[in-house]
Amino acid sequence: MPSQPKPRLNLRIVLLTFALFSAAVTLANTFWVMFKIQKRELIENALEGNRAYAARIAAAVEGVLSSDLDRLEYGSAIVSKNFSDRQLLAVEARRLLEQDNSFNSVLITNADGTIVASAPERLQLNGQSLQSREPLERRKPLVSNAFHSITGNLVVFVSQPVFDANGQYLGLVGGALRLEQQNTLQALMDLNRRQNGAYVYLVDSQRRVLYHPDPQQIGRLIDHDRIVDAALSQANGSLQAVDRDGNEMLAGYAGIPSSRWGIVSQQPMAVVQETLSVTALKVAKGIVPLGLLGLLLIWWSGSRISNPLSRLADSAGRLDVPESYERISAIPVDYLESWQLRRALLLSVSLLQEKIGRLNHQAQSDPLTGLANRRAMQDALTVWLESKKTIAVISVDIDHFKRVNDTFGHDVGDETLRSVAGLMKQNSRPSDLLCRVGGEEFVLLLPDSSIAAAVDIAERLRLSIASTALEAVGHITVSLGVALWRAGDSMDDVFQKADQLLYRAKQQGRNQVVAEQESSATGPAS
Ligand SMILES: Nc1nc2c(ncn2[C@@H]2O[C@H](COP(=O)(O)OP(=O)(O)OP(=O)(O)O)[C@@H](O)[C@H]2O)c(=O)[nH]1
């Protein structure tokens, strides 16, 4: 099977990363959508506000101009009755000027455009020619575009033609509005100054600025500006566009039909962006604590979900450890999948440990007799030498076992070995360890035993074997050597001693026990 590298990510990291990532994306998305909606709304509101504002100002300007025309029409009617009376014309010009603040100067010209009366008189305009020829040619009520007057001021000229009773054109009565000076138009516009970076300006049909909150801009020509184009089309609407100075603007526009002028009310997009940034910051401040709480909650619940799985996975890698079953049982399982996994693992632990136990038993026992083998004896001694004060060692060897084999065959020999093992079990305590260490050699280890107690057991075993008639073989005997290990002794020396005592028992005629200290053999069974 091809070996794959061990994955470095664990479930907890995957789960938490995914959950936190999803939450963060959802939060960011919500914030982004809110931001977009808010932006759209602010833009639409600004556009609609400017459109409505431009329409309102246009209507007001239209009202001012039409009332100026009305006043001049009235003056025209008065002077037409006696146009040759210069005194009358002068009085009427003064009256029109002083009536209110509508005009900065009032002129009356004859049909050639020569000024025949004017106010204020200090300007001394009488006898000079009218700069703008258009009103003379058109012979209609007219609001001009801006132009430079005789005195060099930038003005617009509002005029009414003067006809006699026969309909003959006599000249005109007109009022000049100086764009840089206070007049009703200026007063109206100044009254309507706007907040939040928004402002209004007025252009004539030739794109010249007639009013602007920044006086520097008055008289300037605005070419190539979509917003001005829209205003001069005389429609009322709104537009998001870049102005001539390269600033993105949210503009409303409206036309003034009597003069073909246009009004623009506009607000830099940057102001909306700024409002938006402030709102976004407020929203973020509101969202962040709640968002953090949510993320903490996800972190906590993610940990709770993944914790049992992590612990189960960790335990799955160490099923062979003896305390596995208890450790896995202690893992809390709150949901079905973890419960199923725990149950499966517990089952695996039981099966595995049962199998390990079986293998251990097989590895540590003698297959013929079922007694412990040398390895098991070593393992037991490793533990006992640490914890026991004494261990009695009884070495057992069957007498003339070769004869059994030779006489009855190997199988009967094996059966005899099994019978001797059975008798050894019968004559020992559960705490004793019975081992087969060679062909027909056995060792009994008796923990916490005295030499006398060990001799008793050895003797009982000898008698038991000698008195038992085995099938096919009949009676056999064993010889035994008994030695005692005390804490601090060398175990190898004690085994050697037990073997020497056994050898002595053989030499002394077999079927007897020879123990240390007394060094006396208990006599053979008679
Ligand atoms: N059937 C059988 N015989 C075995 C086994 N292991 C060893 N033997 C035999 O046990 C016999 C041991 O014989 P010896 O060591 O000469 O000693 P003995 O005949 O018992 O004589 P003494 O020990 O001096 O009383 C040999 O014939 C071995 O072949 C076994 O597993 N099964």
Side-chain angles (χ1 to χ4, degrees), residues 358-381 392-428 432-446 454-483 492-516 518-526:
R358 233 182 4 252
L359 286 173
N360 274 344
H361 182 71
Q362 282 168 7
Q364 301 218 322
S365 61
D366 165 45
L368 180 69
T369 60
L371 299 185
N373 60 16
R374 253 185 208 283
R375 189 173 149 190
M377 188 175 75
Q378 287 304 334
D379 287 351
L381 282 174
V393 177
I394 305 176
S395 282
V396 185
D397 190 286
I398 302 172
D399 299 331
H400 303 301
F401 186 61
K402 189 171 180 310
R403 282 191 213 152
V404 174
N405 273 336
D406 293 348
T407 313
F408 305 103
H410 205 265
D411 288 346
V412 174
D414 284 353
E415 193 48 49
T416 305
L417 290 170
R418 272 195 284 272
S419 302
V420 169
L423 290 167
M424 284 169 69
K425 281 180 200 163
Q426 280 175 24
N427 289 283
S428 58
D432 300 338
L433 185 69
L434 315 179
C435 316
R436 182 177 174 224
V437 294
E440 74 329 346
E441 295 163 29
F442 301 87
V443 166
L444 275 80
L445 295 179
L446 283 49
V455 169
D456 278 355
I457 288 172
E459 187 57 25
R460 200 168 64 216
L461 177 61
R462 183 187 69 76
L463 283 171
S464 169
I465 292 171
S467 60
T468 304
L470 301 178
E471 201 181 325
V473 180
H475 290 279
I476 61 164
T477 60
V478 292
S479 298
L480 304 97
V482 182
D492 285 344
D493 290 352
V494 176
F495 275 125
Q496 220 170 9
K497 197 187 286 176
D499 279 348
Q500 284 165 3
L501 294 167
L502 167 65
Y503 180 71
R504 198 182 303 167
K506 290 268 186 191
Q507 290 219 315
Q508 286 175 183
R510 297 182 173 81
N511 188 22
Q512 56 189 281
V513 176
V514 178
E516 72 170 74
E518 299 100 297
S519 294
S520 60
T522 49
S526 53

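Just follow the structure's listing: the first ligand is 1, and inside any ligand the first atom is 1.
- Proximity of Ile476 to Val420: side-chain heavy atoms (C-beta onward) are separated by under 4.5 Å at one or more points.
- At least one side-chain heavy atom of Val393 sits less than 4.5 Å from a side-chain heavy atom of Val443.
- Here the side chains of Ile398 and Phe442 are in contact, with some heavy-atom distance below 4.5 Å.
- A 4.5 Å side-chain heavy-atom check between Leu423 and Ile465 finds at least one atom pair inside the cut-off.
- By the 4.5 Å heavy-atom criterion applied to side chains, Thr468 and Ser419 are not counted as neighbours.
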Short N or O contacts of ligand 1 with protein, under 3.5 Å, listed by atom name?
residue, atom, partner, partner atom, Å
ligand 1, 1 (N), Asn405, OD1, 2.8
ligand 1, 1 (N), His410, O, 3.1
ligand 1, 1 (N), Asp414, N, 3.4
ligand 1, 1 (N), Asp414, OD1, 3.1
ligand 1, 3 (N), Asn405, ND2, 2.6
ligand 1, 19 (O), Phe401, N, 3.3
ligand 1, 19 (O), Lys402, N, 2.8
ligand 1, 20 (O), Ile398, O, 3.3
ligand 1, 20 (O), Phe401, N, 2.8
ligand 1, 20 (O), Glu440, OE2, 3.2
ligand 1, 23 (O), Asp397, OD1, 3.2
ligand 1, 23 (O), Lys506, NZ, 3.0
ligand 1, 24 (O), Arg510, NH2, 3.0
ligand 1, 25 (O), His400, N, 2.7
ligand 1, 25 (O), Lys506, NZ, 3.0
ligand 1, 25 (O), Arg510, NE, 3.0
ligand 1, 31 (O), Arg436, NH2, 2.8
ligand 1, 32 (N), Asp414, OD1, 2.7

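- Ser479 and Asp397 form no side-chain donor-acceptor contact under 3.5 Å, judged by distance and modelled atom types alone.
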